[in-house]
Structures are given as structure tokens and as C-alpha cells.
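Below: the structure, in C-alpha cells.
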Amino acid sequence: MKEVISTTSAPAAIGPYSQAIKTGNLLFCSGQIPVDPATGAIPEGIEAQTRQSLANVKALLAAAGTDLSHVVKTTVFLADMSLFAPMNAVYAETFAEPFPARSAVAVRELPKQVLVEIEVIASI
């Protein structure tokens, strides 16, 4: 059985998808772009955008009753691979060992022309 997880502390879905889905003891979070859920603003620069995307991830995790320490897999989508190092620095400040498994890929374009989108899978 699957359960929809949603919160106003993360940006609302902008399409036909859920912010997150809980099934069994796993939580699948949709990709979070760096939109401030309170204002709709998108910060400038990859570091600030990574921080906002991760804040949105944290909000979804909290809504499901879990946190970053339970994240087992992340996928980071970047507008350009030249952004990897500064994104990685912020990412390293956010996650602690043992780090989740991760993929990081450059894509042609992201919604709202943001620089980063981050999705996670976590245990509950």
C-alpha cells in the first residue's frame, strides 16, 4: 500500500505527481528544486540553490517522520557538470557518514531554469 506524503514546508507539486510516497518502510521523494515554499523565490547561485533544494528535502522527510540520517540514495540533477564541485561542498556539509549512495548527472534543462534538483529515497 502506498501513502501520499505532502507538506506546505516544501514546494507544491507543479504537475501530476506527489511530493513523496511512502510504501512499507521506504519513502520516495520527488525531485526538489530550489524554490522557497513560503515566497516562491529561487535563490541565485549553485550553493544557495543546493541549500534550498536540501531544505525542501528535509521538510519532506520531516513530514514523513524521518530525517537525513535515514536517506539511503540520492540523485542530483545539475544544469551543468561544472557545478558539481560547489554543489558537492554544500552536499558534504549536509550529509554525515555513512553517506547515502548517490548519482549525479548533468541534464539539458531543469524546471524553472534552476541549476539543481535533488531526489532521495529514505527508510522510515
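A distance-only check finds a donor-acceptor pair linking the side chain of Asn56 to the backbone of Ile33 [under 3.5 Å]. At least one donor-acceptor pair closer than 3.5 Å links the side chain of Thr94 to the backbone N or O of Val90. Panel note: side chain Thr66, backbone Ser123; a donor-acceptor pair is recorded below 3.5 Å. With hydrogens and angles disregarded, no donor-acceptor distance shorter than 3.5 Å links the side chain of Ser18 to the backbone of Ala20. Gln32 contributes no side-chain N or O that, together with a main-chain N or O of Ile118, makes up a donor-acceptor pair within less than 3.5 Å.
Of all heavy-atom pairs spanning Pro37 and Gln52, the tightest one is CD-NE2, 3.8 Å. A pairwise comparison of heavy atoms in Ser9 and Ala59 identifies O-CB, 3.4 Å as the closest pair. The two residues Pro43 and Pro34 have their closest heavy-atom pair at CD-O, 3.1 Å.
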#### Entry: Phe77/Glu119 under side chain to side chain contact (heavy atoms under 4.5 Å, CB included): CA gap, chis, key distance, verdict
CA-CA 9 Å; Phe77 302 95; Glu119 67 180 26; 3.9 Å; yes
### Task
Any chance you could lay out the side chain to side chain contact (heavy atoms under 4.5 Å, CB included) test for Lys22 and Ile124, step after step, and finish with the verdict?
CA-CA 8 Å; Lys22 177 183 172 186; Ile124 302 212; 3.8 Å; yes
### Task
Please report the C-alpha distance between Val105 and Leu78 in whole Å, then the side-chain angles of each, then the deciding distance to 0.1 Å, and finally whether the side chain to side chain contact (heavy atoms under 4.5 Å, CB included) criterion is met.
CA-CA 6 Å; Val105 297; Leu78 295 165; over 6 Å; no
### Message
If you apply the rule side chain to side chain contact (heavy atoms under 4.5 Å, CB included), what do you find for Val120 with Phe28, and how did you get there?
### Response
CA-CA 6 Å; Val120 305; Phe28 297 84; over 6 Å; no
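For the residue pair Lys73 / Ser103, a side-chain donor-acceptor distance below 3.5 Å is found, with atom types taken as modelled.
One distance of note links CD of Glu97 with OG of Ser69; it measures 14.0 Å at 0.5 Å rounding. Summarising the geometry, atom CD1 belonging to Ile5 is positioned 11.0 Å from atom OG1 belonging to Thr23; distances are rounded to the nearest 0.5 Å.
Val107 and Val35 fall within a single hydrophobic cluster, where Ile, Leu, Val, Met, Phe, Trp and Tyr side chains are chained together by heavy-atom contacts under 4.5 Å. In this structure, Leu68 is a member of the same hydrophobic cluster as Tyr91, with clusters built from ILVMFWY side-chain heavy atoms closer than 4.5 Å. No single ILVMFWY cluster, assembled from side-chain heavy atoms under 4.5 Å apart, contains both Leu61 and Ile121. Linking Ile, Leu, Val, Met, Phe, Trp and Tyr residues whenever their side-chain heavy atoms come within less than 4.5 Å places Leu54 and Leu83 in a single cluster.
Side-chain contact between Leu27 and Cys29 is present, with heavy atoms from C-beta onward closer than 4.5 Å. In this structure the side chain of Pro100 never reaches within 4.5 angstrom of the side chain of His70, judged on heavy atoms. Contact of the Phe99 side chain with the Thr74 side chain is not registered, since no non-hydrogen atoms from C-beta on lie closer than 4.5 Å. Side-chain contact between Arg102 and Val76 is present, with at least one heavy-atom pair separated by less than 4.5 Å.
Here Ser30 pairs with nothing under the side chain to side chain donor-acceptor pair (under 3.5 Å) rule; sequence neighbours left out. Every residue two or more places apart in sequence or in another chain that forms a salt bridge (Lys or Arg N to Asp or Glu O under 4.0 Å) with Glu93 is listed here: Arg51.
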Show every donor-acceptor pair shorter than 3.5 Å between a side-chain atom in residues 108-117 and any protein atom, with sequence neighbours excluded, or say none if there are none.
unit_1 : atom_1 : unit_2 : atom_2 : d
Glu109 : OE2    : Gln113 : NE2    : 2.6

